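Lettering follows sequence order; numbering is per chain, from 1. What you see is a predicted model, and the numbers here were worked out from it, not measured in a lab.
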Amino acid sequence: MAVQDYIRKRFFPHLWCQGCGHGIVLNSLIRAIEELGIRKNDLVMVSGIGCSSRITGYVDVHTLHTLHGRALAFATGVKMSRPELRVIVPMGDGDALAIGGNHFIHSARRNIDMTALVMNNQIYGMTGGQFSPLSGPGVKATTAPFGNIDHGFDVVKLATAAGASFVARTTTYHVHQMISILKEAISHKGFSVVEIMSQCPTYFGRKNKLGGAVDMLDYFKSHTTAKGSDAHKKDPLMIERGIFVKEDRPEYCSDYDMLVKELQLKGDA
Amino acid sequence: MDDNVRFLQGNDVCVQAALYAGLEFFAGYPITPSTEIAENLAYHLPRQGGKFIQMEDEIASMCAIIGASLTGRKVMTATSGPGFSLMQESLGFAIMAEIPCVIVNVQRGGPSTGLPTGPSQGDVLQARWGTHGDHAIIVLTASNHQDVFRMTVDAFNLAETYRTPVILLLDEVIGHMREKVILPEKGAIPVVDRLRTSVKAGIDYHPYLPREDGRLPMSDFGGEHRYHVTGLFHDMWGFPTTNPKIVHGLLRHLNDKIKNNISDINRMKEYFIDDARTILISYGSSARSALHVVHNRRARGERIGLLELQTLWPFPYTQVAEKCEKARQIVVVEMNMGQVLLQVKRAVSRPERVMLANRIDGVFITPTDIRNILRLIHGKGV
């Protein structure tokens, strides 16, 4: 199937600002899905609220645009009910880790088979540029006019500690890596987390004087490096990209099905 | 037939009835006094191939049942006051996106943590208006275990018929009390299955275009039709819109589909109403004490009757007004500060006839409590 067959053309042009990284995520995500050859009827995408969440409207699969922070909880209902369906959950940074933080760690703990994308632009874009739990100290935002004193999460460490069996990070500059990581994440059996650093030139870039979209992409190029690279050893402030966790672990829905089968074998059903 | 006679807690009866109605998916979080519903379903659902999941909180529980309902399952969650408060946002989502689901609230004393093990009926108005925005909702209640069974099955039936969340508002007394119940044979109570679209694959399916009768046939996630579901105002494809005409039409539809069907949704029971000079109006466990008073006083020749409400919302204003037209006094018996009283006063002519007999101290209202209040009303002192 062609890449454009996965989108709902009649709803374009999309609502994201010029230069926004989310369109690159949409493009890469569809390419990953297309390369994996997933049938549209077998795929459910569940999103929360924010700029990121609008991605579901543009994809011609079963799409559920839910409440702020709750996408993973809705997705858990879908997946638990129909484990044969593939579930992808694109979220923003505030969406996934501020209001949705509890659902994030518990989904990871259960290791339920779905792919969580954290489209991390370090800001609340839809509401006009407030700091998020991934902004980090020193960042300027409309709710941090004198510089942020709030410390940020490290998504990779958080997801790993919470029990996600696949954890990766990439950026909108590294499109080929993004497609390849997304393919692995979607194919992985278990809870997979992919942090995608995405640029918001309109709010994050403007507030923090980072230039336009191209400058911000250039920043991703120059300030990130492959996991375990020499560049990172020389400069530990470089952000690592790549796959950090990939393990075979018992998956929630499979375990539940096994429990049901055992009950039936015992004749207890 | 004797096999069907049980001695059960109200919460157990609710579970039996939910399974009878075709429950396939339950998500919940422990909270007194509703926990037995989750415990029982954790035992029964996997044995029948159904799904049970204990979520991280009530917010997640409500979200999970909505997700599961979209895949074509009959779904339920159960909670009490604090958990019900947490569910309000996603309850609104289910109303907006028209997702059939059943929410059981076994009421306890509030506000806040309140009285976890004490009875109350303080959530009547929260059930109506707890979630934001203009909306309609169906709320059922029951005063005995046979009725708990029936109302639970009806809750599922109405949820499917009107594509809406239905709240089953029980209370601590009903949830924890044990009494005899006869479990109906299969087929004895009608069970409404989900209305699915007959539109074939490849033909444009409109998930939010009501048929002439107002109903909206669904298509399961994972099926042949791919569409968008959102809590935003949306068009007939489910895609977000701010078009004033569509916004207005959808808000009207969400309210009218319930309001215009009160006669189908309303359930009430009446005892000795026809010649009654005093009419008690009650519901849930309070109605048990009210009925006891009515039977005792009728035996002594007093013209007193009981109107027991089983549908609290949409409130049956017209029906209540008709039943109460000839009564000299109308006494609303409830365990709150007058939440149904307010509706009855709105419903009837000469609202000065309407008085309240209540308890709000976490103790079940007894027939003696009601009798004492009636004596005061009738000018006889205590």
Side-chain angles (χ1 to χ4, degrees), chain A residues 8 10-11 15 40-47 49 53-54 56-87 99-100 102-103 105-107 109-110 112 252-253 256-257 259-264 266 268-269, chain B residues 24-27 43-75 77 89-94 96-97 99 101 201 219-232 234-235 237-241:
Chain A
R8 294 169 170 151
R10 66 166 175 252
F11 300 129
L15 55 56
K40 295 198 282 187
N41 283 348
D42 295 338
L43 182 57
V44 181
M45 276 176 60
V46 186
S47 62
I49 291 292
S53 74
R54 293 307 190 94
T56 50
Y58 303 121
V59 189
D60 186 22
V61 300
H62 305 285
T63 53
L64 177 54
H65 175 219
T66 68
L67 300 167
H68 195 33
R70 314 297 171 209
L72 285 168
F74 281 87
T76 299
V78 171
K79 182 67 187 181
M80 177 77 177
S81 177
R82 299 274 180 213
E84 69 275 17
L85 298 174
R86 293 205 193 236
V87 179
I99 189 164
N102 201 32
H103 309 306
I105 57 173
H106 285 277
S107 303
R109 176 180 60 79
R110 280 185 202 106
I112 187 163
Y252 189 80
C253 299
Y256 188 90
D257 284 349
L259 188 132
V260 169
K261 282 202 187 88
E262 276 169 27
L263 283 170
Q264 281 164 349
K266 273 195 231 160
D268 200 22
Chain B
E24 295 167 289
F25 186 101
F26 179 95
Y43 180 78
H44 286 295
L45 275 172
R47 284 154 50 100
Q48 305 186 0
K51 305 289 169 104
F52 170 91
I53 186 167
Q54 182 170 314
M55 295 298 285
E56 53 271 23
D57 56 28
E58 288 89 346
I59 298 173
S61 304
M62 185 66 206
C63 296
I65 67 165
I66 295 171
S69 183
L70 273 166
T71 69
R73 308 283 190 187
K74 286 196 178 179
V75 301
T77 186
E89 187 194 16
S90 34
L91 176 64
F93 183 91
M96 184 59 131
I99 314 290
C101 53
S219 175
D220 300 344
F221 266 34
E224 291 296 335
H225 299 288
R226 299 175 302 275
Y227 59 96
H228 194 55
V229 176
T230 178
L232 290 165
H234 46 269
D235 60 21
W237 291 280
F239 204 76
T241 180

Could you tell me if the side chain of [Y] sits less than 4.5 Å from the side chain of [X], heavy atoms only?
| X | Y | result |
| --- | --- | --- |
| B/C63 | A/T66 | no |
| B/L70 | A/F74 | no |
| B/H228 | A/R8 | yes |

Worksheet item: Can the positive tip of A/R10 be found less than 6.0 Å from the middle of the six-membered ring of B/W237, inside 45° of the ring normal?
Response: yes

Practice prompt. Assess whether ring pair (Phe, Tyr, Trp, His ring centres under 6.0 Å) is satisfied between A/Y256 and B/F52, documenting all intermediate values.
Written response: CA-CA 9 Å; A/Y256 188 90; B/F52 170 91; 8.2 Å; no

Worksheet item: If you take all heavy atoms of A/S81 and B/K51, which pair is closest and at what distance?
Response: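 So the minimum-distance heavy-atom pair works out to O-NZ, 4.0 Å.
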
Fill in: Heavy-atom closest pair, residues A/L85 and B/F221
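Scanning both residues, the minimum pair turns out to be CD1-O, 3.9 Å.
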
Worksheet item: How long is the gap from CD on B/E56 to CG on A/L72, to the nearest 0.5 Å?
Response: 8.5 Å

Worksheet entry | Contacting region of B/E24 [heavy-atom separation from chain A under 4.5 Å] | neither

Discussion item. Is A/L64 in contact with chain B via its backbone, its side chain, both, or neither, using a 4.5 Å heavy-atom distance?
Written reply: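 For A/L64, backbone and side chain are both near chain B.
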
Worksheet item: When only pairs under 4.5 Å are counted, which of A/H106, A/R109, A/R82 shares the most heavy-atom pairs with chain B?
Response: A/R82

Worksheet item: Would you say the side-chain atoms of B/R226 pair up with the backbone N or O of A/H62, donor to acceptor, closer than 3.5 Å?
Response: no

